[in-house]
Amino acid sequence: MTRDQMLAHLRAADEVAREAAAHGHHPFGAVLVGPDDHILMRQGNLDTVRHAETEIARRAAAAYEPEFLWQCTLVSTFEPCAMCAGTMYWANIGRLVYGCDETKILALTGDHPENPTMSLSSRTVFGSGQKKIEVIGPFPEIEDELHVPHRDFWKR
Ligand SMILES: [Zn+2]
């Protein structure tokens, strides 16, 4: 997958994040990309324990064989939390592409009670496992764009 393809998928995930916000959910979005670079699934955040990346990893595990998912990429607007990285690990999705670092979510959400961001990077979570999941991110050139749906959201 080229960097331009990754940026296109990050924009698709951002579209999902904006739709989630329009439906009253937190503005996070994820897409699952197959080995042929086509988007297989889209998922927005549902609630505090049903994050976009956890939901899409569970749906993917139910729909596809682990050998296939190892060749797939989960693309997320923001770096997945420990719960999401863990679910992705167990679903056997082989690669993660994310737009903004977890520290940027913390800066945006502050001490908002609905998003008590953890400081545990996905690379640390995957690094504690027994298989090597590739992680690509952040993408500074798209950061401002991905921040937009969050700017006013967490001030409520
Ligand atoms: Zn999460």
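One-based numbering, in listed order, for ligands and for the atoms of each. Heavy atoms only: backbone and side chains are in, while hydrogens, waters and symmetry mates are out. Fair warning: this is a prediction, and the values are worked out from it, not measured in the lab.
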For residues 57-70, which side-chain N or O atoms pair as donor and acceptor with protein atoms under 3.5 Å away, sequence neighbours left out?
residue : atom : partner : partner atom : Å
R59     : NH1  : R42     : O            : 2.9
R59     : NH1  : Q43     : OE1          : 2.8

Checklist entry - Would you call the rings of F78 and H147 parallel, tilted or perpendicular, where under 30° means parallel and over 60° means perpendicular? => result parallel

Checklist entry - Is a side-chain donor-acceptor pair under 3.5 Å present for E79 with S122? => result yes

Checklist entry - List-wise, which protein N, O or S atoms are found short of 2.8 Å from the Zn ion (ligand 1)? => result H51 ND1, C81 SG, C84 SG

Checklist entry - Going by distance alone, is a donor N or O of one side chain under 3.5 Å from an acceptor N or O of the other, for Y98 and D101? => result yes

Next on the checklist: Check this for me: K131, atom NZ, are more than 12 non-hydrogen atoms of other residues, nucleotides or ligands nearer than 6.0 Å?
Outcome noted: yes

Checklist entry - Does the side chain of H9 pick up a donor-acceptor pair with the side chain of D37 at under 3.5 Å? => result yes

